Amino acid sequence: MLDLKLLQKNPQVVAEALAKRNSSIDVEEFTKIDTRRRELLVELESLKSERNKASGEVAQMKRAGEDASELISRLGSLSDKIKELDAETETIKAAMNEWLIAVPNIPHESAPVGADEDDNVELHKWGTKPSMTFTPKEHWEIAETMGGLDFERAAKLTGSRFAVLWGWAARLERALINFFLDMQTLEHGYTEVFPPAIVNSTTMTGTGQLPKFEEDLFRLNHKDYYLIPTAEVPLTNMHSGEVLEEEDLPRAFTAQTQCFRSEAGSYGKDTKGLFRQHQFTKVEMVRYAHPDKSYEELEDMRQHAENILQRLGLHYRVVTLCTGDMGFSSAKTYDIEVWLPGQNKYREVSSCSNCVDFQARRANLKFKRKGAKKPEFVHTLNGSGLPTGRTMIAIIENYQQEDGSIVIPEALRPYMGGLEKITPEMATK
RNA sequence: GGAGAGGUAGCGAAGUCCGGCCGUAACGCACACGACUCGAAAUCGUGCUUGGGCUUAACCGUCCAACGAGGGUUCGAAUCCCUCUCUCUCCGCCA
């Protein structure tokens, strides 16, 4: 949610910033509603003040044993008026909130201006494409001979965009989870959390999934519950409604969770293989940052994701998303795209964003500076570090051998019981 | 799922039966500052919620709101009524 004060003072500036991300607001309409809201408040509050005074008088008269019936009957009409104005104020406040909650974050000045993903700017590359003496296959083609990934049986059990991992692939999944979590906790200093995978609508609203993107979520029949699309949701809402001390910052959380996405609107995209699933595992990083430091921390977090790919020896590039390609809550986002030789493309494996105070204002996440009277909003950041499925694709495709074997990156071997290579003999059926 | 007890500041807790200067909200603890002390403890003193409106360059000031959440009754609700929610205890079921 944007700062109401900023909108009141500089609506035009906000409108211009939003235009960069292909979003627009009606400044005149906003000013009209906001002015009316404040007029109503002034009137309503003065009436309430009057009522409070008079009620005190009634109390005094009664205590003194005097007859207050005349004053009481006069107060009746005052109360009616208050009720009426109160209702009108509530309506306009609700309209205002509904409007405000649907406005995306404004991009940071360092985010390149652009219309769509074609305008994203490459920041740097790491490593090189693996040299292969044969034509590399896509991961799902390799799985046809090596097994491990079973899409037919998943379709039988559930439907499309699900996978059964078994044998070596299930083991690899588990190894990746542990490897990622160990790096985030032991090397990068994140605190490990195991949060619920189901959250309520307030929590979903805090991070920006609701109210605008309900169609991307799985909603449970039971109550007001949703399956999380990412651990960002529970982790970012962890301290909602609290006021942290300045020295509590930064807070850094990591969690591995199942992520559930309806993938509405992506029909026909990445229909083969593991790339785009309704359910996948991801290790997420979330940071609560001091507002003065959040952009430094964004660089750190991006590095934390990069470190993992480097350790796995996977070639990748980092792009800064342009204003037109950024997510709803983000002020600045880096995407990390890993090289997939089978697809002959760079594909996204991580997205690291600084949401500044946008989510903090929604979720009411505050801290107090030493010596300050008023608490202020923290800055929140989130990044993938990393998803297991897409990383597994990258490993399969980059480490494939001509005979179908898959070499296990050295860093992962301790997590695979020392196994160096997945060979055709290990194929599942 | 059934029965009961609860939700008031950072924590504990009074106020609820019987509605009225009881919301910065008694009392205790914690915390911050000051005094005393060579220093500390103890003691004494002072301070200590959040959001919003008006005003202001800002401080200040002033008003409104918040007693788990939302409704209702009333001139007036922490207090009475209804719904929901969370916590605790017991029973049932259960990995």
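Residue numbers begin at 1 in each chain, while the letters A, B, ... track the order of the sequences. This is a predicted model, so every value here is computed, not measured.
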Any protein N or O atoms within reach of nucleotides 51-56 of chain B? Criterion: under 3.5 Å, listing atom names and distances.
residue: B/G51; atom: OP1; partner: A/Lys366; partner atom: NZ; Å: 2.5
residue: B/G52; atom: N2; partner: A/Glu45; partner atom: OE1; Å: 3.1

For nucleotides 18-21 of chain B, give me every protein contact, N/O to N/O, under 3.5 Å, one pair per line with atom names.
residue: B/G20; atom: O2'; partner: A/Arg63; partner atom: NH1; Å: 3.1
residue: B/G20; atom: O6; partner: A/Lys62; partner atom: NZ; Å: 3.2
residue: B/G20; atom: N2; partner: A/Ser55; partner atom: O; Å: 3.3

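Comparing the same atom, P, in B/C82 and in B/G4 gives a spacing of 14 Å after rounding to whole Å. Between the P atoms of B/G45 and B/C88, the separation comes to 40 Å (whole Å). Across B/C33 and B/C48, the matching C1' atoms stand 11 Å from one another, rounded to whole Å. To the nearest whole angstrom, the two C1' atoms, one in B/G20 and one in B/U74, are 12 Å apart. Across B/G76 and B/A13, the matching P atoms stand 33 Å from one another, rounded to whole Å. Only the P atoms considered, B/A9 is 13 Å distant from B/A14, to the nearest whole Å. B/G71 and B/U55 are spaced 29 Å apart, taking the P atom of each and rounding to whole Å. Rounded to whole Å, the separation between the P atoms of B/A78 and B/A25 comes to 15 Å.
A salt bridge is defined here as a Lys NZ or Arg NE, NH1 or NH2 lying under 4.0 Å from an Asp or Glu carboxylate O, and A/Arg311 with A/Glu187 meets this definition. Ionic pairing of A/Lys48 and A/Glu45 is not present here: no N-O contact between side-chain nitrogen and carboxylate oxygen is shorter than 4.0 angstrom.
A straight line from CG of A/Leu47 to P of B/C75 spans 17 Å, rounded to a whole angstrom. Across the protein-nucleic acid pair, A/Glu90 atom CD and B/A65 atom C1' stand 11 Å apart, rounded to whole Å. Between the CZ atom of A/Arg51 and the P atom of B/A65 there is a distance of 7 Å, rounded to whole Å. Between A/Asp80 atom CG and B/U73 atom P the separation is 11 Å, expressed in whole Å. In this entry the distance linking NZ of A/Lys83 with P of B/C64 reads 19 Å, nearest Å. Taking atom CZ of A/Phe377 as the reference point, atom C1' of B/U50 lies 11 Å away to the nearest angstrom. Whole-Å rounding puts the A/Leu244 CG to B/U49 C1' distance at 16 Å. Between A/Lys48 atom NZ and B/U74 atom P the separation is 17 Å, expressed in whole Å.
For B/A3, the paired nucleotide is B/U89, the pair qualifying as Watson-Crick or G-U wobble because both relevant distances are below 3.5 Å. Both distances falling under 3.5 Å, in either a Watson-Crick or a G-U wobble arrangement, occur for no nucleotide opposite B/A30. Base pairing of B/U16: no nucleotide in any strand meets the Watson-Crick or G-U wobble criterion (both distances under 3.5 Å). Nucleotide B/U43: paired with B/A35 (Watson-Crick or G-U wobble, both distances less than 3.5 Å). Under the Watson-Crick and G-U wobble criteria, each requiring two contacts below 3.5 Å, nucleotide B/U49 is paired to B/A66. B/C54: Watson-Crick or G-U partner is B/G61, with both key distances under 3.5 Å.
Contact annotation: A/Asn52 does not reach the phosphate of B/G76 (side-chain N/O to OP1 or OP2, under 4.0 Å). Put simply, A/Ser46 has no side-chain N or O that comes within less than 4.0 Å of OP1 or OP2 on B/C63. Checking the phosphate oxygens (OP1, OP2) of B/U50, a side-chain nitrogen or oxygen of A/Lys368 falls inside 4.0 Å.
Other residues, nucleotides and ligands contribute more than 12 heavy atoms inside 6.0 Å of the CD atom of A/Glu29. For A/Glu215, the CD atom counts as densely surrounded, since its 6.0 Å shell holds more than 12 non-hydrogen atoms of other residues, nucleotides or ligands.
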**Q.** From CA spacing to verdict: side chain to side chain donor-acceptor pair (under 3.5 Å), A/Gln359, A/Thr380
**A.** CA-CA 7 Å; A/Gln359 294 179 323; A/Thr380 61; 2.7 Å; yes

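Here A/Asp116 pairs with nothing under the side chain to side chain donor-acceptor pair (under 3.5 Å) rule; sequence neighbours left out. Checked against side-chain contact (heavy atoms from CB on, under 4.5 Å), A/Glu39 has the following partners two or more places apart in sequence or in another chain: A/Thr35, A/Arg36. For A/Pro112, the side-chain contact (heavy atoms from CB on, under 4.5 Å) partners at least two apart in sequence or on another chain are A/Val121, A/Thr320, A/Cys322. Applying the salt bridge (Lys or Arg N to Asp or Glu O under 4.0 Å) test to A/Arg174 and every residue at least two apart in sequence or in another chain returns nothing.
If you check B/U49, B/C60, B/A65 against the side chain of A/Lys373, the one that comes closest is B/C60.
Partner of A/Pro250 under the side-chain contact (heavy atoms from CB on, under 4.5 Å) criterion, chosen from A/Lys293, A/Arg287, A/His290: A/Arg287.
Aromatic ring centres of A/Phe275 and A/His139: separated by at least 6.0 Å.
Between A/Lys9 and A/Ser49, the residue whose closest nucleotide on RNA chain B is further toward the 5' end is A/Lys9.
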